[in-house]
Amino acid sequence: AHIVDSDFNRAHLGRARSLSYRTLPELVTAITEVLQQRGPRYVYAYWPGLDSLGHEQGIWSDAARAHLAELDQAFETLLRRVRGTDTLVILTADHGQIDTLAADRLCLDDYPELAESLVLPLCGESRTVYCYLRPGCEARFDAAVAQQLAGIASCFPSSQLLEQGWFGAGVPHPRLAQRIGDRVLVMGGSYTLKDWLSQERRHTLIGVHGGLSADELLVPLVMAKT
């Protein structure tokens with residue numbers, strides 16, 4: 001099932017009821033059965049198929065395009081089945097995605113001067129990278145980025161991006177500053193920067209997200225009243 005019975009999910013669910021599913025038709029059926037019951041209700045459903053195909057084969061791959069057509073058909077089927085239930089159906093995503101080139105997938109192993117300035121492994125996304133620096137290594141790190149990643153990555157003090165509202169409106173969580181490191185590397189083009197842990201299985205992601213390109217920032221929103 002795509003719903004994981006983890007401690008986090010159990011805490012997140014609270015009094016809500018979770019329904020498992022394995023296929024797209026099973027997901028449509030599960031949503032339909034809930035919405036056809038009497039009384040007001042809120043249903044949240046997630047389908048990971050398109051995102052997974054994008055990561056593995058590329059968001060512009062034939063496989064991803066074909067699956068997008070399947071999703072479109074499934075959405076049409078859902079709307080038809082719940083017609084007359086007085087439901088507002090909202091279809092959206094959590095991010096956009098772009099495809100990378102093999103030459104643009106950079107590894108921290110090839111930048112020892114950057115690695116030596118770090119006190120922790122790189123965090124965040126491979127497109128927007130959080131860097132935790134050793135005390136006193138700020139100038140060295142900034143100079144290395146300017147020299148070795150010129151035209152590839154833009155380097156910002158993390159505190160600057162926090163002050164400018166990059167992480168959203170409202171009062172930030174007291175520990176947010178600790179979670180974004182000392183520097184943020186925003187990768188340009190289709191570049192990514194990955195730091196592999198010794199026990200981590202190395203893998204290739206063709207489709208990626210988390211950067212500032214238009215395709216990554218564009219999130220679809222479709223609303224239908226049944």
Side-chain angles (χ1 to χ4, degrees), residues 1-4 21-31 44-80 89-111 121-131 145 148-156 161 166-168 180 184-197 200-224:
H2 291 305
I3 294 180
V4 180
Y21 53 90
R22 294 183 181 277
T23 67
L24 196 54
E26 287 180 359
L27 174 60
V28 171
T29 297
I31 298 173
Y44 168 83
Y46 175 70
W47 178 255
L50 184 62
D51 181 66
S52 297
L53 281 173
H55 285 311
E56 296 167 4
Q57 301 186 44
I59 198 63
W60 295 108
S61 65
D62 291 341
R65 291 174 183 268
H67 190 59
L68 181 60
E70 293 175 357
L71 286 172
D72 184 62
Q73 183 61 51
F75 187 61
E76 180 181 345
T77 300
L78 174 64
L79 295 182
R80 184 175 66 253
V89 182
I90 302 174
L91 175 67
T92 188
D94 52 343
H95 53 69
Q97 197 170 128
I98 63 169
D99 289 344
T100 59
L101 302 173
D104 293 345
R105 300 175 202 133
L106 308 182
C107 180
L108 186 65
D109 295 343
D110 297 325
Y111 301 91
L122 297 177
C123 301
E125 289 276 359
S126 63
R127 291 281 291 155
T128 301
V129 189
Y130 303 156
C131 308
V145 171
Q148 300 176 31
L149 297 180
I152 294 175
S154 300
C155 182
F156 300 93
L161 301 188
W166 283 41
F167 296 91
I180 58 177
V184 176
L185 297 180
V186 179
M187 309 302 291
S190 68
Y191 286 102
T192 61
L193 179 61
K194 188 74 173 82
D195 183 8
W196 298 99
L197 302 178
E200 188 175 5
R201 180 181 62 83
R202 300 205 173 194
H203 56 277
T204 298
L205 294 182
I206 298 177
V208 295
H209 50 76
L212 296 180
S213 71
D215 283 343
E216 290 166 278
L217 294 176
L218 180 61
V219 177
L221 176 64
V222 180
M223 303 177 67

Parallel under 30°, tilted from 30 to 60°, perpendicular over 60°: which one fits the rings of His203 and Trp196?
perpendicular
So which heavy atom on Ile59 is nearest to which on Ala64, and how close?
O-CB, 3.4 Å
Could you measure the distance from the CG atom of Asp62 to the CG atom of Leu53? Nearest 0.5 Å is fine.
11.5 Å
At what distance, to the nearest 0.5 angstrom, does CG of Leu185 lie from OG1 of Thr192?
12.0 Å
Counting distance only, does the side-chain N/O of Glu26 pair as donor-acceptor with the main-chain N or O of Tyr21 below 3.5 Å?
no
Straight-line distance of Asp215 CG to Trp60 CH2, nearest 0.5 Å
6.0 Å
Check against side chain to side chain contact (heavy atoms under 4.5 Å, CB included), Arg202 and Cys107
CA-CA 11 Å; Arg202 300 205 173 194; Cys107 180; 4.0 Å; yes
Compare all side-chain heavy atoms of Met187 with those of Ile152 and state whether any distance is below 4.5 angstrom.
yes
What pair of heavy atoms forms the shortest contact from Leu78 to Val89, and how long is it?
CD2-CG1, 4.5 Å
Looking at Cys155 and Val145, what are the two nearest heavy atoms and their distance?
CB-CG1, 3.9 Å
Can you confirm whether Leu106 sits close enough to Leu149 that some side-chain heavy atom of one is under 4.5 Å from a side-chain heavy atom of the other?
yes
Should we count CG of Asp110 as having more than 12 external heavy atoms under 6.0 Å?
yes
Once rounded to the nearest 0.5 Å, what's the spacing between atom CD of Glu216 and atom CD1 of Ile98?
4.0 Å
Kindly give the heavy-atom pair with the smallest separation between Leu205 and Arg105, and that separation in Å.
O-NE, 3.7 Å
N/O donor-acceptor pair under 3.5 Å between Asp104 side chain and Gly189 backbone
no
Answer whether the closest heavy-atom distance between the side chains of Trp166 and Val186 falls below 4.5 Å.
yes
Which heavy atom in Phe75 sits nearest to a heavy atom in Val222, and how many Å separate them?
CE2-CG1, 3.9 Å
Donor-acceptor contact present, side-chain Arg127 to main-chain Leu212, <3.5 Å:
no
Check whether any side-chain heavy atom of Tyr130 lies under 4.5 Å from a side-chain heavy atom of Leu122, and answer yes or no.
no
Rounded at 0.5 Å granularity, tell me how far CG in Asp51 sits from NE2 in His209.
5.0 Å
State, to 0.1 Å, how close Tyr191 and Gly151 come at their nearest heavy-atom pair, and which atoms those are.
CE1-O, 4.5 Å
Check the side chains of Glu125 and Thr128 for a donor-acceptor pair under 3.5 angstrom, ignoring hydrogens and angles.
no
Within the 4.5 Å heavy-atom criterion, are Arg80 and Thr77 side-chain neighbours or not?
yes
Leu193 backbone acceptor or donor facing Ser126 side chain under 3.5 Å:
no
Here the gap from Ser213 atom OG to Leu218 atom CG, rounded to the nearest 0.5 Å, amounts to 9.5 Å
